[in-house]
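What's counted below: heavy atoms across the whole structure, side chains too, no hydrogens, waters or symmetry copies.
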Amino acid sequence: MQNQRDSRSVTHFCVRLNKKKMADHSVEITEGCRLPVLRKNQENEDEWPLAEILSVKDIHGKKLYYVHYIDFNKRLDEWVTPDRLDIKKLQFPKKEAKTPMKDGLPGSRPSSPERDVKRKAESISLATQVTAATPVPSLPSSAEASQASVYPTMRDSSFSIKSRDEHEPLTSLTTNGTTSIQRHLIPPPPGRKRKSCGGTDEMVKMFQNNSPRCSTIYLLPGEDSQDSSDGIPSAPRMTGSLVSDRSHDDIVTRMKNIDCIELGRHRLKPWYFSPYPQELTSLLILYLCEFCLKYLKSLKCLQRHLTKCNLRHPPGNEIYRKGTISFFEIDGRKNKAYSQNLCLLAKCFLDHKTLYYDTDPFLFYVMTEYDSKGFHIVGYFSKEKESTEDYNVACILTLPPYQRRGYGKLLIEFSYELSKVEGKTGTPEKPLSDLGLLSYRSYWSQTILEILMDLKSENGERPQITINEISEITSVKKEDVISTLQYLNLINYYKGQYILTLSEDIVEGHERAMQKRHLRIDPKCLHFTPKDWSKRGKW
């Protein structure tokens, strides 16, 4: 009897197991579902992050799922097999509740008198607050601002300047426009006095502390700056070849459409979508001529093209050469085909941009490495011929095979060298990608610390320098100088003055970083004459 019971229990267990397996196989995983997916992390360990199914395809009876890992960068998106999915924790997409229409417009809710009154009151109060600070720039969306602002967003703690008895935001260090806007939009609490640090032309004094490797810089109020620009990063304008626009983001542009690109001796795995012709997206490898960047569908086509292509360097003028590094200036109007092909290639590695084919208003500066076969593209940046916002870079990219070798900082340094020749201060167009933001912060930090540490006292007095002078020496915009000091957490309040304290750790860290930075731009090797693009005849 006992044996019969045991056999029955085993039979029931097997039946339940089979039912469970059948249930798992009967579950249909559709687009929009979320579930844990197996992947390897940086330490090559297994992890199960939550992912969203963006697409499903069937190849020879076997299903593949294109997944986006939630809270991960889109460049990690990939096709996965069913055995990497944890079906037990499957989350089906929630159906959006249908709401009644207002005035025949789909998706809009009917208004109520209370909501209308509240909305009007809010708009009136906001308009009253902002009136005194006009003109107010258009602000980026919260998603763009969070990842793209050049102001400190990578640190956990917010940066502030310590007053004697209170913490005061650093916005008082920015230009008058920023201060006035923030004071109107966020009025200070009653009964608390705000200390103003003047404009951006603060005087900086430096003296040596007890430690010979620790110095402090005084920020003293000076004359107000004449620059009326604001420190708030405004939304990019919708012009040019690569501009930010997430309004047309759909399921197609969220998925990588090119599997592999062969460019010279390198094979590149694209990170993001790029609008190459539809017939090329089904190829295993997309072939590019590394000199003219023309795309071809097969190796034979590429070999045939190379017999006809006479280029061994990018078209345009070579304006810099030192050693094996050269820079070429390319006019987007004169070399349209090359510029458009360059934008298509760059879009594979830039997610925050949308490609347009109007390259006329842009100049492209391509960095190359020379060998016996020709000049091989390493990276590039583009800039507007006329920028009303003082942008000296629109898009910037170092190709993946050349990343983490100092070429990114070299591109940034070159863009500021051009600004120095033009006699302007510049800033990159926002939003910056995550890697671009890290590169710019690193460059700004090293450049500013290099100047501060080179200051020498005269006649036994403390050396002095202003924010404006730092900006003029480096061609870095004043808002970027201030945000970098804020990011480095150097600012303190001491005896009624704002000071910058360079600790021994910061000094040693800077010296270590500069020892690793072997690639630098030599201004003597730059042969560049800026043009006045306001005269349309030069276009």
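- Cation-pi geometry between Arg441 and Tyr487 is met: under 6.0 angstrom from the ring centre, within 45 degrees of the axis.
- Under the 6.0 Å distance and 45° angle rule, Arg39 counts as a cation-pi partner of Tyr69.
- Classified by interplanar angle (parallel below 30°, tilted 30° to 60°, perpendicular above 60°), the ring pair Phe291/His376 is tilted.
- For the pair Lys256 and Trp271, the cation-pi test (distance below 6.0 Å, angle within 45°) is failed.
- The local environment of CD in Glu43 is crowded, with over 12 non-hydrogen atoms from other residues, nucleotides or ligands closer than 6.0 Å.
- Ring centers of Tyr416 and Tyr443: under 6.0 Å apart, within the cut-off.
- Side-chain N/O atoms of His510 and Gln446 include no donor and acceptor closer than 3.5 Å.
- Between Leu50 and Asp71, every side-chain heavy-atom pair lies at or beyond the 4.5 Å cut-off.
- Asn341 places a side-chain N or O within 3.5 Å of a backbone atom of Ala337 that can act as its donor or acceptor partner.
- A search for ring-ring contact (aromatic ring centres under 6.0 Å, His included) contacts involving Tyr440 returns Trp444, not counting sequence neighbours.
- If you look at Phe349 and Tyr272, their ring centroids are not closer than 6.0 Å.
- The existence of a salt bridge linking Arg84 and Asp46 is excluded, since no basic side-chain nitrogen approaches an acidic carboxylate oxygen closer than 4.0 Å.
- Two rings, from Tyr295 and His305, have their centers 6.0 Å or more apart.
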Trace of the side chain to side chain donor-acceptor pair (under 3.5 Å) decision for Tyr66 with Glu31: CA-CA 9 Å; Tyr66 191 86; Glu31 296 171 2; over 6 Å; no
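- Looking at Lys63 and Thr81, their side chains never come closer than 4.5 Å, going by heavy atoms from C-beta outward.
- Between the side chains of Thr427 and Asp390, not a single donor N or O lies within less than 3.5 Å of an accepting N or O.
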